[in-house]
Amino acid sequence: MQQQIKDNHTISGYFVFFTIGVAQAAANIFNLQIVIIREAGQDSWISIILMGLSLHVIIWMIYKMLGNPSKDVITLHNKLFGKYIGSIISLPLVGYYFLMSLYYFRAYIEIVLAWVFPTTRTWAIAAVLICILYYVVSGGFRVIAGFSFMYMFLAPLLLLFYFPMREGELYNLLPMLNHSLMELLKGSKASGFIFFGIEGLLLYFPFLKDSGKHAKWAHFALLYTTLKYAFLMIVTLMYFSQGLLKHSLWPTLAMTKIIELSFIARFEYFYIFLWLLVIVPTVCISIWCCTRILKRVSGLKPGAALPVMLAALFIAVLFFNERTQISALESFINDLGFYFIFAYIPVLFMINLIAVKIKKDLPSGKSS
Amino acid sequence: MLTNLLEQIGVSAKSNDFQQITITIKEARIHFSYYKTLINQEQFHHDILSFMQISNCEVHALHELESMIPIEGIKMSSQLDDILLGLTRGAIFVQMDPQLHEGLLIEIPNPKLGRRDYNDTQNEFSVVGPKIGFVENLDTNLTLLRKGLSTEKLKFEELTIGSMSKTRVVIASIEGLTNPQHVNTARQRLLDLDFDVVFETSLLEQLITDNSNSPFPVFLSSERLDRIMYSLLNGEMAIICDGSSSIITGPTSLFSFIISPEDYYLPWIMGSFFRLIRYFGVAFSIFATSFYVAILTFHYTVIPRDLLGPIIESRSNVPFPPLLEVLFLEITIELLREAGSRLPTKVSQTLGIVGGIILGQAAVAAGLTSNILLIIVSLSALASFTTPIFKISNTIRFLRFPLIILASIWGGLGIMIGLILILGHLLRLKSLGTPYIVPLFPFRINSFSDSIIRSNYTMLYNRFFTTRPLSKQRFTVRSNNRDVGDDYNNE
């Protein structure tokens, strides 16, 4: 059975708002529009809202599964499938979280290389960033949560989208709802990747105090993300014509480019650099989840697992050199994450539900 | 093996200022051992020697002598270590002839010996507010604290630290308010310490710190009485060390280093405003020059078109890349500061004029730096001195150098990497086991009223929660007694 997390390692429940929020913010905020718009056109923002709303159900499932008493997904596996099969099911999760961190990490380096330092080598930036990741993750979950919290200070950056909004045309959003429900749902599926990040909750759940009380913060985080992306989508659709949007690589950055203040031009640099504050905790959460699973399943010490994971991350980053490879990784991750959230979690939830029901019925069956 | 304690002491203490004398009063031979440089000679002659001869009674045993001498703090002792420690602290050791295996230890230290008695604050100034500071004498400092906090709950706990210096170190706390956990941690670390000499609390601070590889101070050290009192009242414990005019308190947070006692003496609007100015100064001081390097080296497109002209114009004569230009000026300023603090006041004033005005202008005229950089560097140097605690301004001035180097390598990304490293370090750092950047993380909105700003006293009824004080409330807000019922003189 899982040992109780020590009190000085746990953090207040409301931090789940930041840990979920920051992870969801990291996923390619700079080019999310072009993926979704392929399916749902000017109604893409409706797709995002649909997706966000459906994810509330997933969060509800996670809380139902893991809460009372709070446990992580590995305990759940062991409980449902027994120790050995449970471990076998738990181990592939390492690969999942590792791929997630690779995805965030490589996508960010890609932006830095393309937009700011075209001449710098990938491995140099990756090496330095990995040193930072090591320093943060080795501080433990509290430090990662603290980093996630800093994400709050980036929220005012959203106000700067006032500038492109001022330039935009509300007319571009019309005609509204001329896409079929199927197209909207396809758009929703395509937008799934911007909501990745709630899966981390499966592992750090027991690190949060008062498991019953912070569900509302998780829902708030999701709501905030949904509204944020819907707003971003609306602004983008107003600013670009759809024809242009299909051919631009990073619409968000292109929009921020026009912001010009009396002392600063070219705002997109600030976006890119400040985004490191989001990328670092997001990748850290995923890497931390990997080490956590390894520790829980095989007893491998995080002190040994972490350097190995980071070295693997470094090598993996070097394999993705070209744009096509990164695109392939992105589409693969989009599918993988989608099925993880919408297939794995509900299936686990159902199995758990049945198991609980059987367990409840069993003693009464015996006594009668 | 010497069984005679008198001889043992004589063998152990061989210094020239060590004396052993014997007097005879009515056939009783009484031996005195003492360091004549340490004891209060006047008191020794007047209260002990003359007193014994005048009283003229017969003494047969030490305990009779003990009740006779009109001085408090006499103890019987037979342990050589104890006696030697007492002697080096300014006590005399009295023995009588037949009982040479034990004796009386009478403490008559000379408090004025080699001590200044000048109570003004030396390094921390405020325009309004009391100017009482601590001095190098432990007892004076304790008196000041005891007098300032007239409560029986104020507790002093004395320890002896340092194998050579045998320094008296006192842990001060307020019972029922300071979380005993902090006091226990501090005491444990002090007791675990093995170090030969303790000059100062700053040294102790480094020895008992949570992370000795950090540029950030994790204990707040101050020489102001009001500041230490405020810290104690907030549930922190204080460490006072003999021979040190500054007292350290902990656990502390990064934000308390930006707080000046003056904030509490000014109206809250002024206090908050000046505090915010200080925060701005800290941020400016850390990042201004690295921004300059990053922007001019890599991201010149960030500069608006109107501003680009003056910058290019002012830099047109400078042959160096921005990094060398900035390092040149920054190091010049550091040199000026370092030289200024080592020189006597009158000379350092001249140095300020020579350095600040002549050197700066000449550097621009010679084409070594640009005008704009000169403004940025001097402003950021100025801003680093706005912090009220010397130690944190050192940290701030230090932090900009790695940032400048990082900015010259990777521009804005480098600054961000530096910032994240600093942030990660701050998140990991602990002061006596409590997080260092409270109330930011863990986030405590209630404590913001006295960290980022200094709000109205009616809002400050709660203590800073982050030190986990045992009693949470400082005072209760009584009814609002400001001209009630006199609205617009319309009664």
Most contacts with chain A, counted as non-hydrogen pairs under 4.5 angstrom, among Ile303(B), Leu307(B), Ile420(B), Ile415(B): Ile420(B)

At a heavy-atom separation under 4.5 Å, does [X] approach chain B through its side chain, its backbone, both, or neither?
X         : answer
Ile125(A) : both
Phe153(A) : side chain
Val143(A) : both
Ile144(A) : neither

Within 6.0 Å of [atom1] in [X], more than 12 heavy atoms from elsewhere:
X         : atom1 : answer
Glu313(B) : CD    : no
Trp217(A) : CH2   : no
Phe220(A) : CZ    : no
Met459(B) : CE    : no
Arg121(A) : CZ    : no
Phe398(B) : CZ    : no
Phe273(B) : CZ    : no

If contact means a heavy atom pair closer than 4.5 Å, which residues of residues 133-141 of chain A contact chain B?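 At a heavy-atom separation under 4.5 Å, chain B is reached by Tyr135(A), Ser138(A), Gly139(A).
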
Go through Phe298(B) and Tyr269(A) one step at a time and tell me if the side chain to side chain contact (heavy atoms under 4.5 Å, CB included) criterion holds. CA-CA 11 Å; Phe298(B) 295 102; Tyr269(A) 284 129; over 6 Å; no

Go through it in stages, so that I can follow the logic: the residues are Leu427(B) and Phe147(A), the test is side chain to side chain contact (heavy atoms under 4.5 Å, CB included), and I'd like the CA-CA distance, side-chain angles, deciding distance and then a yes or no. CA-CA 8 Å; Leu427(B) 283 168; Phe147(A) 251 109; 3.6 Å; yes

For Phe117(A) and Leu413(B), which heavy atoms make the closest approach, and how far apart are they? CE1-CB, 4.0 Å

What do the steps show when you test Leu419(B) against Leu276(A) for side chain to side chain contact (heavy atoms under 4.5 Å, CB included), and what is the final call? CA-CA 10 Å; Leu419(B) 180 71; Leu276(A) 196 56; over 6 Å; no

Give a yes or no on whether the ring-centroid distance for Phe270(A) and His299(B) is below 6.0 angstrom.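 No; His299(B) has its ring centre 6.0 Å or more from that of Phe270(A).
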
Does the separation of the ring centres of Phe15(A) and Phe441(B) fall below 6.0 angstrom? yes

To the nearest 0.5 Å, tell me how far Met416(B) CE sits from Ile132(A) CD1.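 Going from CE on Met416(B) over to CD1 on Ile132(A), the span is 9.5 Å.
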
Spacing of OG1 belonging to Thr120(A) relative to CD1 belonging to Ile409(B), to within rounding of 0.5 Å: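 Thr120(A) OG1 to Ile409(B) CD1: 11.0 Å, rounded to 0.5 Å.
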
Side chain to side chain contact (heavy atoms under 4.5 Å, CB included) evaluation trace for Met150(A) with Leu440(B): CA-CA 9 Å; Met150(A) 301 301 156; Leu440(B) 197 60; 4.1 Å; yes

